[in-house]
Structure formats: C-alpha cells, structure tokens
**Q** 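Sending over a structure as structure tokens; questions will come in a sec.
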Amino acid sequence: MTIETESAQLTLDVRNPATGRVVGRYPVHTAGDVDAAVARAEAAASWWAALNFADRARSLDRWRAEISRGRADLARVMSEEMGKPISDAKLEIAMALEHLKWAAHNAHSVLGRRSVRASLLTLDQECTVEYRPFGVVGVIGPWNYPVFTPLSSISFALAAGNTVVFKPSEYTPGVGVWLADAFARAVPNIPVLQVITGAGETGAALCRAGVGKIGFTGSTETGKRVMAACAETLTPVLMECGGKDALLVDADADLAAAADAALWGGMSNAGQTCLGVERVYVHTEVYDEFVELLVDSARGLRAGQGAAQIGPITMPKQLEVIRRHLADALALGGRAVLGGPDLIAGQFVQPTILVDVPEDCSAVTEETFGPTLTVTRVADMDDAVERVNASAYGLGATVFARRHGREIADRIRAGGTSINAFVAHATVPTLPLGGVGASGFGRVHGPDGLREFTYAKATTRQRFSSPLALTSFGRGPLTDAVVDLLVSVLHGRLP
Ligand code: NDP
C-alpha cells in the first residue's frame, strides 16, 4: 500500500501481493469525511431502526442475493487485493452468507420484546425486555478474511437495526467498497451501510466520531489503541483480536484426519488466519507416526501463483515476523522437517513444519501469521492442555481424540473448541465466536452476536397497587416487618 496526493485528495494504491501490480486506488478519508459519513448514518438510522424485523430481513436477503450473484467478481477482488486463491475466496463468501442469512432471520426471536417474570417482592410489576440498536455502529476490519470477518459484525449489527460505517483494511478497501455497492443496489438511496477508506488514522477517526459502538477485528496491539481512543468517549467496543491456536492429538485420534486438519488449519490462507493452527501438541505414543503423515501430506503443497494452493503473504512487514520466529526456533534447538527460512522468496513462504521448538520461543508464544506449524511431543493430554492454556491468547482450539475429546475440550481456555474438525465452531451460524485474554472479548455470530450490537432495554408496568409499597416514604412499620419476614424466609434458609 502506498499513499499518494492527487489534487489535494490523498489516495492509497492497493497492490496485488503476488505481483506487486497496482489493482486499485482509493481515497484516504479524513476525520471530516468520517464525521460526515457518521452524520449520514445517524440520519439513516432512524429509518432503518423503524422498519420491523421482517422488512429488515427482506432487505438483507436482497443484499445476500446481490453478493451471491456477484461472488465470482467479489472473489476476484479479494484474490487481487490480498492474494488468496479464488476457490478459497469463494468458500469464505459462502460461509459469510450463511451467517448473514441466520442473522437476518433470527433477529426478531433473539432481540424482540418478550415478557419476563417478576419476583415475589415485585409481583405487582409486568415486565418486558427487548434489545435496541445503538444507532450507528462503526466496524473496523482486517484484510485476512476481508468478507467473512467484517460481515460477522456488519450482518449482525444491521440485522439488529443499526446502520454501519465500515472501515476496511488499507490492504482490502476494494472488497469493502464492493460490499457497500452491493448493499446500495439492494437498499438504494439510503446510506444504511457506508464504507470509508484509508489507513489507521481513518480507523482512529471512526473511534472518535461518536458512533454507538465499535466492532473491531484485528491485531491485539491495534485493539489496545482502539480501546484507548474509544475510552475518551465511553464508546463500547467489541474486540476480536489475534490468536495462537493449538491443535491437540490424543493417542486414540484418527491420525490421518488430524494431520489433514493441522495442514489445512496451519497452511490455508498462507497461515494468515486468526483461528489458524499455529501449534500442534501430539501424544508421545503417536507422535512419530503423526509427524510422518503430516510431512508427507505437506509435501504436496506449494506457495506460489496460479494453481498453487497457498498464496502470498499479504503484508510485506509480516515476512519479518515469520523470518524472526523461524530464526528463533532454529537458534533454540528447533528443526525444520519441512520448509524453513531459506525457502522464503519474495512474498511467498513455503509450508514449514518445525519440531523440537521450546515453549518459550517466539514461534510458540507469538502470532506468526504464516504457513508454519510447530509440532510438539507431549506426555499426555494433561501436558497438552497445560501448554495450550499457558498462552496469553484464547481464541480457539481443535482437539482430535476418540474417547476423551469432550473432556479435553472442556479444559481448554478459549472462546471456542472444535472436536475432530478444524474451526467448525466458527462456521455454525448458531454458535458464538470470540476470544478470551489477549484474543479479546465480546462475540459475533449466533444470538450473542446479535445482542452484541444492542443494548438491553427493561420496562415494567405496575399491574395493581402493591400492598407492599416499598419505594415510598409512606412505607410503614408493618411493611418493614413483612419485608423482614420475607427476607428471612426467602433468603435466610439454605434450600
Ligand atoms: P491490524 O490490527 O493491523 O488492523 C486491523 C484494522 O484496524 C485495519 O482496518 C486497520 O487499518 C485498523 N487500524 C489500524 N490502526 C488503527 C487505529 N489506530 N485506530 C483504529 N483502527 C486502526 O490487523 P490486520 O488487518 O493486520 O489483521 C490481522 C490481525 O487480525 C491478526 O492479529 C488476526 O489474528 C486478527 N484477526 C482476528 C479475528 C478474530 O475473529 N478474532 C479474525 C481475523 C483477524 P489499516 O489496515 O488501514 O492500517
């Protein structure tokens, strides 16, 4: 990405990471531009929020159909801007559409007004709860899954009745513009979804623009800056940050399936996946067999252009991180049984499998974001769980085991765990997705993902005049005595 000045308007050029060719030029929106977009979104918010859930679902269905019909073109833009193979781009779009459909069609049942019961002391009250939109939600997204990841916030924020101002990564602005153009065809003339383009400063301006909430997905370091900016105006934030996910292989696991999952989980999207497998812990009894299977299958993979299964590393600066992690691993006694630093050429990193890497090495503790795996022998699954949970991150995990998969999964500190399948929990529309610790907080997807973009609104109506007038200066000694008695009966005895 390079920034140019063109007749007083700053622009950014987007380059295809595989070829270096410029594939798009977009404005660098200033704080003034961002404020104007948020003002337009505020005006549109009352119209969008006033629609009922069914009308909003119809609009979102039209948008879904636009994306579906244009998916070949959208996949091309994704591939040109960040380098992933077209077939992977199409798979990403398919997954995003599943969540969009679920959000649109379930918002009413999750967020709509419902009655809840009062307690004995508050029996005179008829109670309802509903989930109201914030108004305008700002979404800040990364480049690695430029459709799936931002739509995880945008679809749910829109279905909940918010309008959205979206700041895509400076590496994938064209994808963001494509999505907003498709929305404008589905819902013409009203700026329900707008895109602002630019670099980090444009995102920072969105944090300060007075939106009702920021849905941020990106690195943990940027997440901290976003939180600091949002703290100035007490703007609530959703933090979907980085990870260092592990895959655990028990002694009785289906080793071929586990190796296949480790390979896809670690190498697809050139390893640039928040939920990607970066560490593998294997029971000592099956370790040698597993490594052999993994390396054998990995030999068929190649990073390159055209028919290669693995695309380029999108951000030039990420190559330095990958190089450092590989160098640290080798310097501390690790071995590359496949690939290695010598096989990095231009923006392409060949699949690399490391063994014997100490647990305190950067290749094990930090997010690498490249097609690399560390594979570590463990005495048993207790040992594996302890190592997994030692990470500051807690985004996701994968467990391969026949008998004890559920017990192992239950002990892992992560927002989601998939047993005998890689990343399945992120693809099921009814399940929440998010992390703990350095991986962030808040959830996208499922009912939690809808509620994330709302505030809970409680309402009561007095049904009859209570004999126990609790909140009145007219409360007398008799009421106090009855309350006293009720408190002893209701709360003073163990059941
Ligand atoms: P970054 O943190 O570099 O950027 C994320 C977004 O924040 C971009 O749009 C970026 O804009 C913007 N930004 C940068 N600086 C600021 C700022 N000061 N204020 C507001 N916004 C700012 O992440 P990447 O784009 O490199 O994405 C990769 C990271 O995202 C990885 O750590 C990955 O694990 C994580 N991720 C997490 C997911 C999850 O679900 N938990 C899913 C996908 C990715 P610009 O690009 O223009 O600088």
**Q** What class does the angle between the rings of H445 and F156 fall in, given that below 30° is parallel, 30 to 60° is tilted and above 60° is perpendicular?
**A** tilted
**Q** Let's go through E366 and R324 carefully: what are the C-alpha distance in whole Å and the side-chain angles of both, what is the deciding distance for side chain to side chain contact (heavy atoms under 4.5 Å, CB included) to 0.1 Å, and is it a yes or a no?
**A** CA-CA 11 Å; E366 297 174 20; R324 175 168 61 81; 3.0 Å; yes
**Q** Please step through salt bridge (Lys or Arg N to Asp or Glu O under 4.0 Å) for the pair R15 and E81, ending with a clear verdict.
**A** CA-CA 7 Å; R15 288 179 189 278; E81 289 198 329; over 6 Å; no
**Q** What is the minimum heavy-atom distance between L373 and G266, and which atoms define it?
**A**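 In terms of heavy atoms, the two residues are closest at CD2-CA, 3.9 Å.
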**Q** Mind listing the closest non-hydrogen atom pair of P85 and G311 along with its distance?
**A** CD-N, 4.3 Å
**Q** So that I can tick it off, tell me whether R69 and E66 are bridged by a salt bridge, with the cut-off set at under 4.0 angstrom between side-chain N and carboxylate O.
**A** yes
**Q** For the residue pair L206 and F166, establish whether any side-chain heavy-atom pair is separated by less than 4.5 Å.
**A**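 No, too far: nothing below the 4.5 Å cut-off.
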**Q** Within the structure provided, determine whether V14 and V22 are in side-chain contact (heavy-atom separation under 4.5 Å).
**A** no
**Q** Quick one, Q272 with T314, criterion side chain to side chain contact (heavy atoms under 4.5 Å, CB included). Give me CA distance, side-chain angles, the key distance, then yes/no.
**A** CA-CA 8 Å; Q272 305 167 116; T314 308; 3.5 Å; yes
**Q** Check this for me, if you would: do R185 and D181 make a salt bridge, where the nitrogen-to-carboxylate-oxygen distance has to be below 4.0 angstrom?
**A** no
**Q** Distance check, rounded to the nearest 0.5 Å: F134 atom CZ versus I214 atom CD1?
**A** 11.5 Å
**Q** How long is the straight-line distance from CG of L91 back to CG of D88, given to the nearest 0.5 Å?
**A** 6.5 Å
**Q** Taking atom types as modelled and ignoring hydrogens, do the side chains of T222 and S219 form a donor-acceptor contact shorter than 3.5 angstrom?
**A** yes
**Q** Side chains of I310 and L301: closer than 4.5 Å at any heavy-atom pair?
**A**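 Touching, per the 4.5 Å side-chain cut-off.
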**Q** Under 3.5 Å, is there a donor-acceptor pair between the side chain of S109 and the main chain of N106?
**A** yes
**Q** Say you draw a straight line from CD1 of I344 to CG of L319; how long is it, rounded to the nearest 0.5 Å?
**A**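 Nearest 0.5 Å value for the CD1-CG distance: 6.5 Å.
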**Q** Taking it one step at a time, do Q305 and T19 satisfy side chain to side chain contact (heavy atoms under 4.5 Å, CB included)?
**A** CA-CA 9 Å; Q305 294 190 52; T19 61; 3.6 Å; yes
**Q** With salt bridge (Lys or Arg N to Asp or Glu O under 4.0 Å) as the test, would you mind laying out the steps for E407 and R411 before giving the verdict?
**A** CA-CA 7 Å; E407 289 97 305; R411 291 165 56 202; over 6 Å; no
**Q** Within a 6.0 Å radius of atom CZ on R406, are there more than 12 heavy atoms belonging to other residues, nucleotides or ligands?
**A** no
**Q** Do the side chain of T163 and the main chain of V192 share a donor and acceptor less than 3.5 angstrom apart?
**A** no
**Q** Look only at the side chain of W63 and the backbone of L179, and say whether a donor-acceptor pair between them is shorter than 3.5 Å.
**A** yes
**Q** Any side-chain donor paired with an acceptor under 3.5 Å for H29 and T202?
**A** no
**Q** Got a sec: does the CZ of R64 have more than 12 other heavy atoms crowding it under 6.0 Å?
**A**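 Counting other residues, nucleotides and ligands, CZ of R64 exceeds 12 neighbours.
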**Q** Which atom names give the shortest non-hydrogen contact between P150 and V139, and what distance separates them?
**A**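 Closest approach of P150 to V139, heavy atoms only: O-CG1, 4.2 Å.
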**Q** Check this for me: does any side-chain nitrogen of one of D61 and R58 sit under 4.0 Å from a carboxylate oxygen of the other?
**A** no
**Q** Does Y145 have K84 sitting over its ring (NZ/CZ under 6.0 Å from centre, angle to axis within 45°)?
**A**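 Yes, K84 sits over the ring of Y145.
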**Q** When rounded to the nearest 0.5 angstrom, what distance separates CD1 in I419 from NE2 in H404?
**A**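 If I round to the nearest 0.5 Å, the distance is 12.5 Å.
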**Q** Quick check: do V388 and L248 have side-chain heavy atoms less than 4.5 Å from each other?
**A** yes
**Q** How many angstroms lie between atom CD of E201 and atom CG of L10, to the nearest 0.5 angstrom?
**A** 10.0 Å
**Q** Is a donor on one side and an acceptor on the other found under 3.5 Å between the side chain of Q194 and the backbone of V165?
**A** no
**Q** Contact between T352 and L338 at the side-chain level, heavy atoms closer than 4.5 Å - yes or no?
**A**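 They are not in contact (no side-chain heavy atoms under 4.5 Å apart), so the answer is no.
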**Q** Side-chain contact test, heavy atoms from C-beta onward, threshold under 4.5 Å: evaluate it for T417 versus V399 and give yes or no.
**A**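 Side chain of T417 against side chain of V399, heavy atoms only: contact under 4.5 Å found.
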**Q** Can you name the nearest heavy-atom pair linking Y171 to P173, along with the distance?
**A**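 Where Y171 meets P173 most closely, the heavy atoms are C-CD, 3.3 Å.
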**Q** When you check the side-chain N and O atoms of H283 and D383, is any donor under 3.5 Å from an acceptor?
**A**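 No, no side-chain donor-acceptor contact under 3.5 Å.
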**Q** What is the distance from atom CE of M381 to atom CD of E386, rounded to the nearest 0.5 Å?
**A** 12.5 Å
**Q** Quick one: closest heavy-atom pair of R413 and Y393, and the distance?
**A** NH1-O, 3.6 Å
**Q** Is the shortest side-chain heavy-atom distance between K167 and T197 below 4.5 Å?
**A**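 Not in contact.
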**Q** What pairs of donor and acceptor atoms, side-chain ones from residues 421-440 against any protein atom, are under 3.5 angstrom apart with sequence neighbours left out?
**A**
residue, atom, partner, partner atom, Å
H425, ND1, S418, OG, 2.8
T427, OG1, A424, O, 2.7
S439, OG, G242, O, 2.7
S439, OG, G394, N, 3.0
S439, OG, L395, N, 3.2

**Q** Looking at T273 and N144, what are the two nearest heavy atoms and their distance?
**A**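 Smallest heavy-atom distance, with atoms named: CA-ND2, 3.9 Å.
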**Q** Would you find a donor on one side and an acceptor on the other, under 3.5 Å apart, between the side chain of D252 and the backbone of R403?
**A** yes
**Q** Does D254 reach the main-chain N or O of A256 with its side chain, forming a donor-acceptor pair under 3.5 Å?
**A**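 A pair under 3.5 Å: yes.
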**Q** Any chance CD of E359 has more than 12 other-residue heavy atoms, nucleotides or ligands included, within less than 6.0 Å?
**A** yes
**Q** Indicate yes or no for a side-chain donor-acceptor contact from N269 to the backbone of G271 under 3.5 Å, with no hydrogens or angles considered.
**A** no
**Q** Could you tell me if H325 and T372 have a donor-acceptor pair between their side chains, going purely by distance under 3.5 Å?
**A**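 H325 and T372 do not have a side-chain donor-acceptor pair below 3.5 Å.
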**Q** Under the salt bridge (Lys or Arg N to Asp or Glu O under 4.0 Å) definition, can you give me all pairs with a residue in residues 239-248, not counting sequence neighbours?
**A**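 Listed by first then second residue: K244-E278.
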**Q** Under the rule for salt bridge (Lys or Arg N to Asp or Glu O under 4.0 Å), what residues qualify as partners of E221, not counting sequence neighbours?
**A** K224
**Q** Does the distance from a Lys or Arg side-chain N to an Asp or Glu carboxylate O, for R323 and E320, drop under 4.0 Å?
**A**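 Judged by the 4.0 Å cut-off on N to carboxylate O distance, R323 and E320 do form a salt bridge.
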**Q** Would F441 and C241 satisfy side chain to side chain contact (heavy atoms under 4.5 Å, CB included), going step by step from the backbone distance to the final call?
**A** CA-CA 8 Å; F441 50 83; C241 300; over 6 Å; no
**Q** Could you tell me whether a side-chain N or O of T172 sits under 3.5 Å from a main-chain N or O of P168, the two making a donor and an acceptor?
**A** no
**Q** Between D448 (side chain) and R443 (backbone), is there a donor-acceptor pair under 3.5 Å?
**A** no
**Q** Evaluate the side-chain proximity of W178 to D73: yes if any heavy-atom separation is below 4.5 Å, no if none is.
**A**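 Yes; the side chains approach each other to less than 4.5 Å.
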**Q** Side-chain donor-acceptor pair under 3.5 Å between T284 and R377, yes or no?
**A** yes
**Q** Is the backbone N or O of Q9 less than 3.5 Å from a side-chain atom of T11, with the two atoms forming a donor-acceptor pair by type?
**A**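 Checked: no pair found.
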